[in-house]
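We count residues from 1, following the sequence as given. Atom set for the values below is all heavy atoms of this structure, side chains included, hydrogens, waters and symmetry mates excluded.
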Amino acid sequence: MNVLEDDLAKVYRHYFWAAFGSALATSIYSVVDVVAVGRYHGPIGLAAMAVIAPVWNIILSLALLSGIGGSILYAVQRGKRAAVLPANRFFAASLIVAAVFSVLIMVALFCFEEPVLRFFGADDNLLPLAARYLQPVRCSVPLFLLGTTIMAFLRNDGNPRLAMCAILAGGVFNVFGDCYFVFTRDMGIFGAGLATVLGEAIAVGVMLTHFLLRRNTLRIELPRAPALFARQVVVVGFPAFFTDVSMGLLTIVFNRQIMRYLGEDALAVYGVVVTIGTFVQCCGYGVGQAAQPLLSANFGAGNTDRIRQTVRYSVATALLLALLWCAAVGLVPNAFMRAFTRPTPALLALAPGILRVYSLAFWFLPLNILSTYCFQSLCRPRAAFAVSLARGFLVPVALLCTLPALWGGAALWAAIPLAEFLVAAAIGLSLLRPSRPAGAKCK
């Protein structure tokens, strides 16, 4: 499809369903693992997965930095109808950035695993389980960064469906792999990590078939100044990185505050909250990633009307998804608990109040994530980073520290809904009236 000229509603639907499927399937990796580990190990397994969640956030957020940053620059160049060669230099730069981050993460996990996990909230009971899960994962970090980077470029090279099929293939394997390795082979939490790694390997293998197609225009064209191109990728991609890593940062703060004020039962419930939040966050990613190729290409071409219409479609989609998630969690909170673990009576008594309060954040979370993608796609990385910093760190951390000190541990659950609301109120109107600001450009 031609994102610059074809019927915009049809183009948006095409990209949305592919991006939404990819984002939703990506969340399967962590969600299925949580379900399997929770049912095998019980509440302590859920608590261990809550400790591991920030590790996944760091890996996937750095992958988004390299993939989204490079693909936006690639799409803007193609929207200007520039030659393929300059655009492909950003593809090569993204691969370089992904490789560097892969090495850094692997060094951290191999050399500093225990202090890292303890910093993320592990105690003596949770540390062995968390470390067991990471054994296969830490050896396979490059797979996850490479897969996410290539997936972003496939969408911008006109093949979003292949990206979706690749992620679905990996996700389906992960579902059956968890059943086989965790339960049939009695590997427990280690089997969940192994199934996730093998599922990602399958997804990357499927995505690589794009390079065998005639319509493929992606080539590894090394720029003469790779550091300069890599810097541009990092600058443009940083808001997407921070949007994702912020969930990990908040999980760290939440884990520590929960253990300080409420204890392990509350942390087990929070493991389910994080899992549901992963689904909702992936819905936001799906909407943003669907809009990104359209926004970036039309920004390069100067098609302001198509930019405005794309944003309106995206905002409407984000609000509909928010409504569905809030209704589901509010109506049947304990159904989610039973789906993810073998809950004790104490957990079933504790969970409904926590889930119903926390789920109020889901009204605003997809819209806030979408705003970051919109600002990035229109080459406004400073605005995108401001949103990411506000909703991902400054506002929620301030609330997480002050609310329980003022009103007790139960007030922790209101911090994220209040933070998401405040950020959404600040940016909502600007999304409905996007403009091409002076000085906004991608080189």
Side-chain angles (χ1 to χ4, degrees), residues 3-4 8-9 11-16 18-20 22-23 61 64-65 67-76 78-79 152 155-156 160 235-244 246 280-322 363-392 420 422-442:
V3 299
L4 300 176
L8 188 59
V11 173
Y12 176 77
R13 287 194 298 269
H14 174 77
Y15 275 84
F16 169 73
F20 181 75
S22 298
S61 59
L64 284 175
L65 186 152
I68 298 298
S71 62
I72 286 173
L73 294 164
Y74 172 89
V76 170
R78 298 300 302 273
R155 285 195 297 269
N156 287 274
V235 169
V236 175
F238 191 80
F241 157 78
F242 199 85
T243 295
D244 197 65
S246 64
V280 182
Q281 187 148 320
C282 283
C283 288
Y285 291 157
V287 178
Q289 290 169 7
Q292 180 268 308
L294 283 68
L295 292 172
S296 296
N298 283 286
F299 178 83
N303 295 332
T304 304
D305 288 341
R306 289 177 73 88
I307 292 173
R308 289 197 182 99
Q309 194 60 42
T310 299
V311 171
R312 292 190 182 103
Y313 288 149
S314 302
V315 170
T317 307
L319 292 175
L320 176 60
L321 291 170
W363 278 108
F364 314 106
L365 193 152
L367 181 65
N368 290 340
I369 292 175
L370 170 64
S371 70
T372 304
Y373 277 90
C374 289
F375 288 134
Q376 278 183 287
S377 302
L378 300 177
C379 292
R380 298 175 62 186
R382 291 182 180 178
F385 178 64
V387 174
S388 299
L389 182 63
R391 69 166 292 269
E420 295 287 357
L422 293 173
V423 174
I427 65 174
L429 292 178
S430 65
L431 272 182
L432 295 173
R433 295 194 298 270
S435 61
R436 182 176 183 137
K441 61 181 180 179
C442 289

Pro160 versus His14, closest heavy-atom pair with distance:
CG-NE2, 3.6 Å
Quick one: does any side-chain atom of Arg306 pair with a main-chain N or O of Val3 as donor and acceptor, under 3.5 Å?
yes
Counting N and O atoms only, with roles assigned by atom type, does the side chain of Ser371 sit under 3.5 Å from a partner on the main chain of Asn368, one being a donor and the other an acceptor?
yes
Distance col, row Thr317:OG1 vs Leu367:CG, nearest 0.5 angstrom, shows 11.5 Å
What is the distance from atom CZ of Phe241 to atom CD of Gln376, rounded to the nearest 0.5 Å?
12.0 Å
Using a 3.5 Å distance criterion without hydrogens, assess whether the side chain of Ser71 forms a donor-acceptor pair with backbone atoms of Ile68.
yes
Judged by modelled atom types alone, do Ser314 and Tyr373 share a side-chain donor-acceptor pair under 3.5 Å?
no
So which heavy atom on Leu294 is nearest to which on Asn298, and how close?
O-ND2, 2.7 Å
CD of Gln292 to OH of Tyr15: how many Å apart, nearest 0.5 Å?
9.5 Å
Do the side chains of Asp305 and Arg308 get nearer than 4.5 Å, heavy atoms only?
yes
Using every non-hydrogen atom in the two residues, find where Ala301 and Leu4 come nearest and quote the distance to one decimal.
CB-CD2, 3.8 Å
Can you find a pair of side-chain heavy atoms, one from Phe238 and one from Leu65, that are under 4.5 Å apart?
yes
Paired with Gln289, the side chain to side chain contact (heavy atoms under 4.5 Å, CB included) test is passed by just one of Leu64, Ile369, Leu370, namely Leu64
Reported CG-to-CG distance for the pair Leu295 and Asn303, which is rounded to 0.5 angstrom
11.5 Å
Ser377 and Ile72 have their tightest heavy-atom pair at N-CD1, 4.1 Å
